[in-house]
Amino acid sequence: MEDQVLAATLAQPLVIASFQRERFYRQEAHRYLRLALRSNQIYVLSAPETDFINSSEHYEKVAFEPTDGLSQEWHLVVIADNYATCLVCRENLGSIAKNKQLPELSPNLDIDTARRFEGVWTSERGVSLKAAELLLDRILVYRPELASKIEEARQRFGIGEPRSQSGAEQINEYACDIDTDPFVQRLVTYLQASQYKLHKAYRSIAAQARKERLVNSISTAIRRSLDPHEVLQVAAQELGQHLEACRCLIYRAQATDSQAIIEHEFLNPGILSVLGQTWELEKNSLFRDIVQQGEGVCISDTLSDPRVNNSPALSMIAKKFAIRSWLMEPVFYQGRLLGIVELHYCRMPPHECQPGELDLVEAIATQVGAALIQAEAYANLEELNQQLEALDRTRSNLIAITGHELRTPLSTIQVCLESLATEPDMPLELQQIMLNTALSDSERMRKLVQDFLTLSNLESGRVEWHPESLTLQECIDLSLSRNRTRSSTEKPPKIKTEIAENLPLVRADGDWLVEVLAKLMDNACKFTPPQGEITIKAIYNSHQMVEVTVADTGRGIEPNRLEIVFDRFYQEEGALRRTTGGTGLGLAICRQIVNGWGGEIWAESTGKDQGSQFHFTIPIVQSSQEEKRTKVKSR
């Protein structure tokens with residue numbers, strides 16, 4: 001209407017608009033200011049709410065009573081010499097009540113978008129003239145001073161005049177030449193555009209609501225559980241259902257991984273499962289693209305995509321699992337790849353990925369990344385707590401061990417020296433006993449301090465290794481010699497050796513190898529009675545290693561304690577009620593030394609009083625093994 005009136009150059013059309021309430025008029029008031037520049041026959045009617053009054057400042061304002069029937073309808077009448085348009089409508093209040101029951105569809109929309117109207121909209125001139133006649137009559141009731149102006153409009157456009165048959169025919173014939181397209185087409189375009197925008201807004205809001213519900217459900221799962229398995233399973237189910245995928249996979253993978261195990265899957269009925277299978281990543285060019293580019297990959301049709309056709313591995317996967325459309329989205333956290341989200345569409349036609357879907361998958365991948373990092377942080381925290389608990393136990397053991405091992409010999413040394421100093425007439429035999437006791441306990445303290453320093457240096461990495469080619473028999477002999485000089489009041493058990501023939505040279509630090517052998521033999525002597533036996537064996541185990549075994553027929557170890565015997569301060573009988581000496585550091589030192597040259601150490605025993613066997617491995621000198629093989633071939 002506005003365009004039609006403003007486009008006129010000479011004609012001054014009659015425009016009558018009724019707005020029910022002033023608040024509706026205020027939204028359109030600016031239009032009527034522009035229309036008043038083209039015509040002096042502009043009438044605007046409204047029930048006043050604030051400052052709307054009868055006036056003729058720019059155009060004619062007519063304030064009618066709120067109880068008037070005009071307050072129930074909207075009217076728009078435009079009449080010119082060559083066109084006429086009439087709109088009369090009433091609001092359908094039932095539609096508002098129905099739409100108020102649909103908050104989920106449009107939760108944030110203003111109520112105006114849900115209003116519905118019913119009435120008449122026509123370009124038939126006779127109907128428009130009749131509507132103008134009725135409205136002008138109501139205007140005269142409220143504005144009688146406009147009688148002359150209204151009469152001028154009546155005469156000009158023939159409003160209210162009886163028409164003869166011939167006159168009606170002339171009008172109809174004249175109306176056939178009226179071009180109403182400029183107004184009608186523009187109005188239709190406005191209505192269509194508004195409907196399209198409204199429909200688009202509804203779709204956008206609904207999609208956003210679904211996306212928020214999906215993200216919230218996964219966020220809730222993350223808050224509810226620190227178990228990454230549960231969180232990833234919820235994410236796979238929700239995402240697969242929401243995007244109507246045939247298969248949704250979520251699995252952990254890092255940039256350097258060559259394989260991944262499918263741990264979480266959403267599956268539609270009739271689709272082959274891949275749960276628990278190993279996904280080859282090294283030959284997967286799509287995975288490599290994700291690692292290099294740092295963004296997801298979307299394939300609409302695997303049958304025509306060159307990335308799939310040029311890769312035998314991808315072609316086989318797509319064919320085996322009937323993948324027609326394929327979407328892969330990386331799970332990143334601060335630039336670190338944690339996993340992959342895959343969506344498979346296995347039915348026809350191929351699925352075209354929409355921007356909104358890609359944004360949603362990316363948002364879910366972000367949530368999954370946060371869940372994995374959260375679970376990882378929790379696992380690290382648990383591990384740290386375990387380490388702190390172990391450190392606390394170590395501290396307690398250290399206090400107990402040092403308190404017992406240091407205080408007891410110190411007290412003995414103090415008593416012996418005080419006796420020697422205060423009793424000069426003590427018999428020589430007793431003096432010798434006192435002196436030997438003091439020397440024995442001082443040696444015990446020296447070994448304790450030495451073991452502490454040795455273990456501390458090994459654990460801190462301050463030890464310098466000097467590997468060399470060694471004959472194992474020579475190292476065993478040295479350790480046996482050291483064991484024989486060990487002070488003991490009891491007769492040691494019998495020790496024998498069983499060394500395999502043609503044993504290759506070993507490569508290790510000689511001093512530390514002798515230390516390991518000596519400590520294992522010393523440990524065996526402590527827990528083996530004098531009538532028992534200790535055997536030292538050595539064989540080549542075909543893994544480029546020599547395996548050494550120190551076996552005894554002594555007290556044995558419970559099977560559930562075979563691993564913890566290598567912990568610091570561990571002693572089978574307990575720290576303060578043992579029958580043998582020592583600090584419980586010997587096996588811990590052995591483990592650090594063996595690990596230092598790349599070997600392994602472990603214990604075996606069938607239980608109490610069944611004896612025990614301690615095994616450790618030493619790398620061989622490669623050249624010596626090759627020489628041995630050459631000699632065998634030459635023979």
Side-chain angles (χ1 to χ4, degrees), residues 1-8 11-66 68-80 83-93 95-96 109-123 127-128 131-132 134-136 138-139 142-143 146 149-150 153 157 180 182-198 201:
M1 176 204 65
E2 183 181 7
D3 294 338
Q4 184 70 41
V5 175
L6 293 179
Q12 294 189 3
L14 169 65
V15 179
I16 306 174
S18 173
F19 282 97
Q20 284 193 347
R21 295 289 186 272
E22 179 185 347
R23 60 180 177 273
F24 303 124
Y25 152 75
R26 288 197 298 269
Q27 298 174 9
E28 304 293 331
H30 61 285
R31 300 184 183 276
Y32 294 93
L33 287 175
R34 292 194 294 269
L35 295 177
L37 299 175
R38 294 293 184 181
S39 175
N40 63 351
Q41 290 287 343
I42 307 296
Y43 301 88
V44 178
L45 297 80
S46 176
E49 292 177 319
T50 56
D51 58 354
F52 189 87
I53 58 174
N54 294 330
S55 67
S56 304
E57 183 177 358
H58 298 288
Y59 44 86
E60 303 299 341
K61 292 182 180 180
V62 181
F64 56 78
E65 296 294 336
D68 196 309
L70 293 171
S71 64
Q72 303 300 317
E73 295 180 353
W74 269 275
H75 308 91
L76 177 61
V77 178
V78 181
I79 300 176
Y83 64 86
T85 301
C86 172
L87 173 66
V88 179
C89 63
R90 180 186 295 269
E91 186 170 3
N92 186 347
L93 299 178
S95 64
I96 297 180
L109 290 181
D110 189 88
I111 188 62
D112 284 350
T113 60
R115 304 177 81 169
R116 299 293 183 267
F117 300 88
E118 55 185 7
V120 177
W121 172 40
T122 180
S123 295
V127 176
S128 301
L134 296 174
L135 289 173
L136 289 175
R138 298 303 295 163
I139 291 172
Y142 291 101
R143 297 284 306 275
L146 298 178
K149 187 174 184 178
I150 290 174
F157 298 110
T180 59
F183 171 71
V184 176
Q185 292 300 327
R186 180 60 63 89
L187 185 57
V188 169
T189 301
Y190 284 162
L191 290 174
Q192 291 176 340
S194 298
Q195 283 291 99
Y196 173 75
K197 290 179 180 178
L198 185 60

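We number each residue from 1, following the sequence as shown. Being a predicted model, the structure only gives us computed values, none of them experimental.
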*Go through the steps for Val77 and Leu14 under the test side chain to side chain contact (heavy atoms under 4.5 Å, CB included), then give the verdict.*
CA-CA 8 Å; Val77 178; Leu14 169 65; 5.7 Å; no

Measure the shortest side-chain to side-chain distance between [X] and [Y] over non-hydrogen atoms and say whether it is less than 4.5 angstrom.
X      : Y     : result
Arg38  : Gln12 : no
Tyr59  : Leu33 : yes
Leu135 : His75 : yes
Ile16  : Leu76 : no
Tyr25  : Lys61 : yes
Trp74  : Val88 : no
Pro66  : Ser71 : no

_Rounded distance [0.5 Å steps], CG in Leu45 versus CD in Glu73_ =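 CD of Glu73 is found 12.0 Å from CG of Leu45.
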
*To the nearest 0.5 angstrom, please state how far the CG atom of Leu134 sits from the CD1 atom of Ile139.*
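These two atoms lie 11.0 Å from each other.
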
*Which atom of Phe52 lies closest to which atom of Val62, heavy atoms considered*: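 Where Phe52 meets Val62 most closely, the heavy atoms are CE2-O, 3.4 Å.
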
*Heavy-atom closest pair, residues Ser128 and Ile79*: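 Scanning both residues completely, I find the closest heavy atoms to be O-CD1, 3.7 Å.
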
_For Glu118, is there an ion pair with Arg90 - N to carboxylate O distance below 4.0 angstrom?_
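Glu118 and Arg90: not salt-bridged.
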
*Sub-3.5 Å donor-acceptor pair from the side chain of Gln20 to the main-chain atoms of Gln72, do we have one?*
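The answer is yes, because a donor-acceptor pair under 3.5 Å joins these two groups.
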
*Does Ser39 use its side chain to pair, donor to acceptor, with the backbone of Pro13 at less than 3.5 Å?*
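Flag set: sc Ser39 to bb Pro13 pair under 3.5 Å.
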
*Go through the steps for Gln41 and Tyr43 under the test side chain to side chain donor-acceptor pair (under 3.5 Å), then give the verdict.*
CA-CA 7 Å; Gln41 290 287 343; Tyr43 301 88; 2.7 Å; yes

*Exercise: do Arg143 and Ser56 side chains pair donor with acceptor under 3.5 Å*: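 Note: Arg143 and Ser56 side chains meet the donor-acceptor criterion.
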
*Would you tell me whether Glu28 and His30 have side-chain atoms, one donor and one acceptor, within less than 3.5 Å of each other?*
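No, because no side-chain N or O of Glu28 sits under 3.5 Å from a partner of the opposite role on His30.
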
*asked:* Run the side chain to side chain contact (heavy atoms under 4.5 Å, CB included) test on Arg138 and Phe64 for me, step by step, so that the C-alpha distance in whole Å, both residues' side-chain angles and the decisive distance to 0.1 Å come before the verdict.
replied: CA-CA 9 Å; Arg138 298 303 295 163; Phe64 56 78; over 6 Å; no

*Could you go step by step and tell me if Asp68 and Tyr142 meet the side chain to side chain donor-acceptor pair (under 3.5 Å) rule?*
CA-CA 11 Å; Asp68 196 309; Tyr142 291 101; 2.5 Å; yes

*Start with the C-alpha gap between Glu22 and Thr50, add the side-chain angles, then the distance that decides, and say whether side chain to side chain donor-acceptor pair (under 3.5 Å) holds.*
CA-CA 8 Å; Glu22 179 185 347; Thr50 56; 2.5 Å; yes

